[in-house]
Amino acid sequence: MPELPDVEAFRRFLNRTANRQTIEKVTVRDELILRGVPARRFQAQVKEKKFTSTLRHGKYIFVSLQPVESRSARKGFLVFHFGMTGYLRSFSGHEPEPEYNRLIFHLSNGLSIAFNCRRRLGSIWYTEDREEFIARRHLGPDALRIDFQDFLQLLAIKKGGIKCVLMDQSILSGIGNIYADEILFQARLHPRTPLTAMDASDKKNLFEAIHSVLHKAAALNANPARFPRMYLNRHRHSRGLCPRCQATLTTIHACGRTAYVCPREQLLKH
DNA sequence: AGTACCACCTGACGGC
DNA sequence: TGCCGTCAGGTGGTAC
């Protein structure tokens with residue numbers, strides 16, 4: 001699930017439920033999510049700190065943490081990455097808990113925030129230097145915060161197939177397989193189109209598709225049921241039809257992932 | 001440099 | 001019913 005629009009929805013969810021709250025206790029059900037950091041150390045790093053603001057960079061969320069009591073405690077950031085199956089839920093402790101809650105933050109308002117991750121590919125970190133974290137993970141600029149001129153500069157240093165470029169988090173941060181397909185469909189570009197074959201209007205269309213698709217999906221809380229009928233996503237399954245021309249969608253492999261394309265409108269340029 | 005492939009993980013689904 | 005292969009919206013490393 002979690003690409004940029006989904007992660008943006010999680011960020012807003014955190015703002016609604018956890019803003020200004022203090023982390024009173026952290027339950028670590030699955031230490032694997034902490035990627036080598038012992039549960040004790042992680043708990044010590046975040047306990048008795050207050051959620052202040054949130055910032056999303058690509059598919060990552062950074063939550064600012066402020067120490068509440070101790071003068072010696074440091075400011076820092078909780079970092080969430082959701083892998084393929086991660087999401088956040090709040091609960092108050094009375095209802096039965098869902099399966100696969102890997103980590104639970106117990107807050108001062110009585111709510112608990114669970115990091116649920118069936119496939120355990122998601123991660124949670126604590127860092128005191130957000131920019132260093134972003135640099136160390138080689139994350140490019142956020143896909144929704146880049147302007148057209150900078151976007152053209154990024155494309156200028158690459159040569160490969162466009163879908164690979166869109167999904168490369170070190171170039172542009174936030175786009176995964178599903179939204180790459182949607183963006184390329186809206187821009188009427190074949191996933192394997194080499195950057196060298198794209199003219200100025202292709203690049204303009206692509207930039208506009210990135211913005212319109214990601215903005216729209218985020219505004220709809222990344223809920224595909226609410227996506228426009230003209231979106232590929234609603235038809236992205238075997239035997240699905242192109243919502244514009246009704247051709248049967250085909251699948252190809254590009255950049256190691258399955259891509260859905262309209263065989264009539266997304267033609268390969270060389 | 002660009003792409004494919006595997007590993008990390010777990011579960012769903014279809015075929016036999 | 002049960003077993004098996006395949007696939008799934010994440011990333012990172014390696015190998016052509």
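In the text below, chain A, chain B and the rest are named by the order of the sequence lines, each starting its count at 1.
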Selected nucleotide, minimal atom distance to A:Cys255 side chain, candidates B:dC9, B:dA4, C:dG9: B:dA4
Sugar-phosphate only, base, or nothing, as touched by A:Gly122 at under 4.0 Å among non-hydrogen atoms: nothing
Sugar-phosphate only, base, or nothing, as touched by A:Arg118 at under 4.0 Å among non-hydrogen atoms: base
Sugar-phosphate, base or nothing in reach of A:Arg236, heavy atoms under 4.0 Å: sugar-phosphate
Sulfur-sulfur distance A:Cys255/A:Cys164 under 2.5 Å: yes
Sugar-phosphate, base or nothing in reach of A:Ser123, heavy atoms under 4.0 Å: nothing
Minimum-distance nucleotide (side-chain atoms of A:Ile178 versus C:dG9, B:dC9, C:dG10): C:dG9
Presence of A:Lys163 side-chain N/O under 4.0 Å of B:dT3 phosphate oxygens OP1/OP2: no
Closest listed nucleotide, where the reference is the side chain of A:Thr258 and the choices are C:dG10, C:dA8, C:dT11: C:dA8
Check ion pair A:Glu95-A:Arg89 (N to O, under 4.0 angstrom): no
Touch class at under 4.0 angstrom, heavy-atom based, for A:Cys164 against every strand present: sugar-phosphate
Axial cation check for A:Phe185 ring with A:Arg244, 6.0 Å and 45° limits: yes
Sugar-phosphate only, base, or nothing, as touched by A:Tyr100 at under 4.0 Å among non-hydrogen atoms: sugar-phosphate
Between C:dT11 (P) and A:Asp168 (CG): distance, integer Å: 10 Å
Under 4.0 angstrom between A:Lys159 side-chain N/O and B:dG2 OP1 or OP2: no
Among B:dG2, C:dA8, B:dC8, the one nearest A:Lys158 by side-chain distance: B:dG2
Length of the OH-C1' vector between A:Tyr87 and B:dT10, whole Å: 14 Å
Integer-rounded Å distance: B:dG14 P and A:Arg239 CZ: 10 Å
Chi angles and distances behind the side-chain hydrogen bond (donor to acceptor under 3.5 Å, both in side chains) call for A:Arg12, A:Asn221: CA-CA 9 Å; A:Arg12 292 192 294 241; A:Asn221 248 1; 3.0 Å; yes
Integer angstrom distance from the P of C:dG10 to that of B:dA1: 25 Å
P spacing across the pair B:dG2 / C:dG9, given as an integer number of angstrom: 24 Å
Spacing between A:Met167 atom CE and C:dA8 atom P, to the nearest angstrom: 12 Å
A:Arg136 CZ - C:dT11 C1' separation (whole Å): 15 Å
Side chain to side chain, A:His57 and A:Arg130, heavy atoms closer than 4.5 Å: no
Donor-acceptor pair between A:Gln186 and A:Glu182 side chains, under 3.5 angstrom: yes
A:Arg192, nearest nucleotide to its side chain (from C:dG10, C:dT11, B:dA4): B:dA4
Whole angstrom value for the distance that separates P of C:dG12 from NE2 of A:His81: 8 Å
Distance, rounded to the nearest Å, where A:Phe10 contributes CZ and C:dG10 contributes P: 13 Å
Polar side-chain contact A:Arg119-B:dC9 base: donor and acceptor under 3.5 Å: yes
For atom CG of A:Asn221 and atom P of C:dG9, their distance in whole Å: 21 Å
Pair assignment for B:dC9, Watson-Crick or G-U wobble, requiring both distances under 3.5 Å: none
Test: A:Lys204 cationic atom under 6.0 Å from A:Phe148 six-membered ring centre, within 45° of axis: yes
Separation of the P atoms in B:dC9 and C:dC3, to the nearest angstrom: 24 Å
Complementary nucleotide for C:dG9 - Watson-Crick or wobble, under 3.5 Å: none
